[in-house]
Structure formats: structure tokens, C-alpha cells
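What follows is a set of notes on a single structure, which appears directly below.
Order of the sequence lines sets the chain letters (A, B, ...), proteins ahead of strands, with each chain counted from 1.
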Amino acid sequence: GQNIDQPTEMTATEGAIVQINCTYQTSGFNGLFWYQQHAGEAPTFLSYNVLDGLEEKGRFSSFLSRSKGYSYLLLKELQMKDSASYLCAVRALYSGAGSYQLTFGKGTKLSVIP
Amino acid sequence: ETGVTQTPRHLVMGMTNKKSLKCEQHLGHNAMYWYKQSAKKPLELMFVYSLEERVENNSVPSRFSPECPNSSHLFLHLHTLQPEDSALYLCASSQVAGQAGTQYFGPGTRLTVL
């Protein structure tokens with residue numbers, strides 16, 4: 001089966017940098033996604049990695065190491081509006097279906113404080 | 001309207017009721033998904049419809065019944081639900097190929113079963 005681990009909660013200061021880690025064990029890895037979810041709202045797509053290395057998109061960057069089953073999301077110049085849950089999701093072979101589907105971690109609740 | 005829409009946004013129902021959740025996507029995608037999000041649990045894939053296939057999570061009880069009349073519309077029919085079915089039900093859509101399957105989520109239906 002699929003297993004995805006990420007910290008439950010993190011706190012960081014406005015203007016600082018925070019790194020949210022995600023480790024995974026899956027069969028048939030085919031990409032890793034990061035989503036942001038504000039309380040009571042839909043998850044919104046942040047980033048996608050399928051090859052090893054760093055993908056940068058403005059204040060947000062995501063890193064992937066397939067050999068280590070590891071990814072992180074880096075948020076720079078934190079703003080209060082970045083307070084949200086950050087979901088790590090891995091696309092991998094879905095049991096019994098023979099197709100690739102997303103399996104999500106429980107999410108990391110980030111609180112940005114003044 | 002743009003993106004992925006869901007109705008109703010909130011639903012309270014008794015255990016003997018029958019109701020349906022509706023999802024519509026305006027992104028030209030050809031795959032649609034139902035997810036369940038319960039407190040302190042990861043998003044759980046329930047059903048997938050795409051051009052080639054329908055995927056079911058075998059752990060989803062038969063009191064949940066999906067229907068996908070075309071590539072833009074998706075329904076989740078509910079009957080004789082249990083209180084533990086109370087959760088946020090999220091619909092998503094994606095393209096099957098390409099940066100394949102970056103999934104875009106609707107705002108969700110907050111379901112409460114009394």
C-alpha cells in the first residue's frame with residue numbers, strides 16, 4: 001500500500017522561511033504534488049515534481065529525491081495568509097485498479113505568527 | 001462559471017434520507033473524482049471516472065453511488081447514511097494525459113448526518 005508522512009503542525013514567523021517535509025513509500029511512483037488548503041476551502045494546486053531536483057515558483061519551491069522517497073515544500077518570506085494546511089500527495093499505482101491515482105498525506109497545518 | 005463547482009455547499013440529512021451531491025467542471029477536463037475528507041484524516045479517494053475507466057475504492061460502502069453522465073458532470077447519490085459519513089466531500093477534475101492529472105478541486109459539500 002501507499003504510506004505518506006508529513007508533520008502534523010508547524011509554526012513560523014512572518015517574513016521567515018519554513019520547510020515542510022514529506023516522506024513516502026509507494027509502488028509505481030509517478031509524481032508528487034503539493035496542495036494548499038485554507039480552513040473550510042478547497043485544496044489548491046501549488047507544485048508538481050516528477051524528476052529529482054528543485055522546482056521554484058515565486059515564494060514557493062518544491063524539492064524531490066526519488067531514491068530517498070522524500071520531498072519538501074519551501075515557503076519564503078512568509079505572510080500571514082500562508083497560514084493553511086499543506087498537503088503532500090503522491091501519484092502512484094492504485095491498488096487493484098492498474099491506474100495511477102493520488103494518495104494524500106494527512107497534511108501539515110502551518111501557523112504564521114507576527 | 002469557471003473551475004469546478006459543487007452543490008449544495010452544506011447538507012444536513014437524516015439517516016433515512018436520500019440526497020445527491022452535484023459537481024460540474026468547466027475546465028474541459030476528461031476525468032472527475034470524488035474524495036472524502038474527514039477530520040484528522042487524509043483525503044480519501046472514493047471514485048474516479050475518466051475516458052477509459054471507472055475506479056472505485058473498495059472500502060467505500062454501497063450507500064454511496066456515483067454517476068457520471070458526461071465528462072463535465074458528476075453526481076454522488078447518498079442513501080441510508082451513517083453519522084460517521086459526516087465529512088467534507090470534494091470533487092476534482094483533471095486531464096488524463098499531459099502534466100497529467102494535476103487535479104483541480106471544487107469547494108466541497110460539508111455533509112452532516114444526524
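In this structure, B:Leu27 CG and B:Gln95 CD are separated by 9.0 Å, a value rounded to the nearest 0.5 Å. Note: B:Ser59 OG to B:Leu45 CG = 9.5 Å, rounded to the nearest 0.5 Å.
Looking at A:Glu41, its side chain never comes within 3.5 Å of a backbone N or O of A:Gln36 through a donor-acceptor pair. Judged by distance alone, with hydrogens and angles left aside, the side-chain atoms of A:Thr108 form no donor-acceptor pair with the main-chain N or O of A:Thr8 at under 3.5 Å.
In this structure, chain B has a heavy atom under 4.5 Å from the side chain of A:Leu87, while its backbone stays farther away. Heavy atoms of B:Gln37 lying under 4.5 Å from chain A belong exclusively to its side chain. At a 4.5 Å heavy-atom cutoff, the contact between A:Gln37 and chain B is made by side-chain atoms alone.
In this structure, a donor-acceptor pair under 3.5 Å is present between the side chains of B:Ser94 and B:Tyr33. Side chain to side chain, A:Gln19 and A:Asn21 meet the donor-acceptor criterion of an N or O pair below 3.5 Å.
Residue A:Glu77 places its CD atom among 12 or fewer non-hydrogen atoms of other residues, nucleotides or ligands, all under 6.0 Å distant.
Annotation: residues 73-91 of chain B contacts chain A through B:Leu88, B:Leu90 [non-hydrogen atoms, separation under 4.5 Å]. Within residues 105-114 of chain B, the residues having any heavy atom closer than 4.5 Å to a heavy atom of chain A are B:Phe105, B:Gly106, B:Pro107, listed by residue number.
Considering all non-hydrogen atoms of both residues, A:Leu51 and A:Leu64 come closest at O-CD2, 3.6 Å.
By the 4.5 Å heavy-atom criterion applied to side chains, A:Phe60 and A:Asp82 are counted as neighbours.
Following chains of ILVMFWY side-chain contacts shorter than 4.5 Å, one cannot reach A:Tyr35 starting from A:Tyr24, and the two form parts of different hydrophobic clusters.
Looking at A:Lys57 and A:Glu55, no side-chain N of the basic residue comes within less than 4.0 Å of a carboxylate O on the acidic one, giving no salt bridge.
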